[in-house]
Amino acid sequence: MKTFNPDAMGEKLLRRFAGGTSRRGILARLGLALVAAPVFPVLPVSRASAAKPDRSPEAKTTFARNAQSKDDTKCDYWRYCAIDGSLCSCCGGAVNRCPPGAEHSPVSWVGTCINPDDGRAYLIAYRDCCGKAYCAKCNCDGTDRETQLYVPQLNNDVIWCFGTTSMEYHCSTAVLVGTA
């Protein structure tokens, strides 16, 4: 009876492979792979499933199901799905404007919120207003679709006063960027 010898089988496979290839052929394939690799990220991707996102009531988050579009001084206002901090609309500013004496931060975090009036998703840029003492009115913590801190542009737990004259946080705005 013949016993199974993995070493002999491995040697046989490697000898067959070596007999059918050359160093030049291996180098040519390796070169082709190195040249083609940077092209992979720009190849077209089928986005058919993303063309029509599911916006049925069952697919909506709790915030999206309970959001309203009338009072921008309440935490359940539809644009505030991912806001964190005091609302500028309660602090002398507006939903998209800083109060006098405060300045917009040039950087922001983003969220995708669903408008209950038309059922469409919109990209919202949350920008902190800086340079004045903290406004302790209408404090909201919208964590709808919030990600961990290792994706900072989607996380609201950072004070976003970078690039302003003062790192002192005052309030937050929710600027409508466009449809998502």
Side-chain angles (χ1 to χ4, degrees), residues 1-65 67 78-85 95-96 103-116 118-130 140-165 167 169 172-180:
M1 177 172 178
K2 199 172 192 184
T3 61
F4 175 72
N5 186 347
D7 290 336
M9 190 170 125
E11 181 182 357
K12 186 176 181 181
L13 284 172
L14 284 175
R15 285 188 183 278
R16 185 175 295 157
F17 175 73
T21 59
S22 67
R23 277 182 261 162
R24 199 174 276 172
I26 294 288
L27 288 175
R29 286 189 183 123
L30 181 62
L32 179 65
L34 288 174
V35 169
V39 177
F40 284 118
V42 296
L43 290 175
V45 177
S46 173
R47 296 196 191 336
S49 62
K52 292 235 178 203
D54 185 7
R55 296 218 170 81
S56 65
E58 299 81 27
K60 290 182 179 177
T61 62
T62 303
F63 182 91
R65 284 192 296 276
W78 74 273
R79 284 193 194 183
Y80 300 151
C81 69
I83 202 164
D84 186 8
V95 78
N96 59 355
E103 65 176 313
H104 262 130
S105 172
V107 293
S108 63
W109 73 96
V110 295
T112 304
C113 302
I114 298 173
N115 184 335
D118 63 11
R120 295 175 66 189
Y122 293 88
L123 183 65
I124 308 294
Y126 299 101
R127 297 176 68 193
D128 286 345
C129 293
C130 311
C140 299
D141 185 18
T143 57
D144 201 28
R145 296 185 185 98
E146 179 184 26
T147 62
Q148 289 77 17
L149 196 52
Y150 57 79
V151 183
Q153 65 272 23
L154 299 175
N155 190 286
N156 63 11
D157 292 331
V158 177
I159 293 188
W160 291 87
C161 288
F162 312 114
T164 61
T165 55
M167 282 292 289
Y169 170 78
S172 297
T173 61
V175 178
L176 179 70
V177 177
T179 57

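This is a predicted model, so every value here is computed, not measured.
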Which residues pass the ring-ring contact (aromatic ring centres under 6.0 Å, His included) test with Tyr169, sequence neighbours left out?
-> Tyr134

Taken to the nearest 0.5 Å, the spacing of Thr112 OG1 from Leu123 CG works out to 5.5 Å

Considering non-hydrogen atoms only, spot the tightest contact between Ser105 and Thr164 and give its length.
-> CA-CG2, 3.6 Å

Where is the tightest heavy-atom contact between Trp78 and Pro116, given as atom of each residue plus distance?
-> CB-CD, 3.4 Å

Arg15 meets the salt bridge (charged side-chain N to carboxylate O under 4.0 Å, His left out) criterion, sequence neighbours left out, with Glu11

Rounded to the nearest 0.5 Å, how far does CE of Met9 lie from CG of Leu14?
-> 11.0 Å

Do you know the tightest heavy-atom contact between Ala125 and Ser108?
-> CB-OG, 3.8 Å

If you round to the nearest 0.5 Å, how far is CD1 of Ile83 from CD1 of Ile124?
-> 9.5 Å

Which atom of Phe162 lies closest to which atom of Val107, heavy atoms considered | CD1-CG2, 3.7 Å

Decide yes or no on side-chain contact (heavy atoms from CB on, under 4.5 Å) for Tyr80 and Val95, but give the supporting numbers first.
-> CA-CA 9 Å; Tyr80 300 151; Val95 78; 3.3 Å; yes

Go through the steps to decide whether Tyr122 and Cys81 satisfy the test side-chain contact (heavy atoms from CB on, under 4.5 Å), and finish with yes or no.
-> CA-CA 11 Å; Tyr122 293 88; Cys81 69; over 6 Å; no

Table please: side-chain donor-acceptor pairs of residues 173-180 below 3.5 Å, with sequence neighbours left out.
residue : atom : partner : partner atom : Å
Thr173  : OG1  : His104  : NE2          : 3.1
Thr173  : OG1  : Arg127  : O            : 3.0

For Tyr126, which residues count as a side-chain hydrogen bond (donor to acceptor under 3.5 Å, both in side chains) partner, sequence neighbours excluded?
-> none

Residues in side-chain contact (heavy atoms from CB on, under 4.5 Å) contact with Asp7, at least two apart in sequence or another chain | Asn5

For residues 16-28, run the donor-acceptor check on the side chains, cut-off 3.5 Å, and write out each pair with its distance to 0.1 Å, sequence neighbours left out.
residue : atom : partner : partner atom : Å
Thr21   : OG1  : Phe17   : O            : 2.9
Ser22   : OG   : Gly25   : N            : 3.1

